[in-house]
Each structure stands twice: as C-alpha cells, then as structure tokens.
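Written out below as structure tokens is the structure these notes cover.
In this text the structure is predicted, and so the values were computed from the model without any measurement.
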Amino acid sequence: MNKEKKQVDIRDYYKNLGRAEKGKFLKYLTENYDLNYSTLSAKLGGRRKLKKIECAVIQSTIELGVWNR
C-alpha cells in the first residue's frame, strides 16, 4: 500500500501555537536556517508569501518536531 503523508498547513500550524511557542518556533528557524525573524513572522502571519524552499524547510521542521525539544 502506498501511504501519502498528509502535509500540515504551515500558517494554520503557526496560528494555533501559543505566544511562547511561536517565539520558540521562530527562534529555532532563525538560528538554524538563518532566516530573518521579522520577515519570517510576517510570512507565517500571512502578510507576505513564503518561498518554496522556505515552505519545505518549515514543513520538515514541523514534521520532525525538532524545534520543540
């Protein structure tokens, strides 16, 4: 059987995080992937568009749960 992995909507995931969790998530992404904090916050908040590579990196981070350890 071929199982498809369901992808999490990045913006919905971010929106459902608490304030402290959002900060921790953004801090992890900025420190480990050299992304700009303010720009990333705007993109995850829906005010700017995410690039494909950013989506891939963030999706992987969410799926692996490495930011929340």
Over 12 foreign heavy atoms within 6.0 Å of CD1, I53: no
Min side-chain heavy-atom separation F25-T61 under 4.5 Å: yes
Close side-chain approach of Y14 to L26, heavy-atom, < 4.5 Å: yes
Straight-line distance of N68 CG to I62 CD1, nearest 0.5 Å: 11.5 Å
Inter-residue atom distance K51.NZ - I58.CD1, 0.5 Å rounding: 12.0 Å
Partners meeting side chain to side chain contact (heavy atoms under 4.5 Å, CB included) with R19 (sequence neighbours left out): none
Minimum side-chain heavy-atom gap E54-L40 below 4.5 Å: no
Greater than 12 external heavy atoms within 6.0 Å of D12's CG: yes
Taking every non-hydrogen atom, the tightest pair across R48 and T39: NH1-CG2, 3.3 Å
Candidate list K43, Q59, K15, test side-chain contact (heavy atoms from CB on, under 4.5 Å), partner I10, passing option: Q59
Within-4.5 Å side-chain heavy-atom neighbours: L29 and W67: no
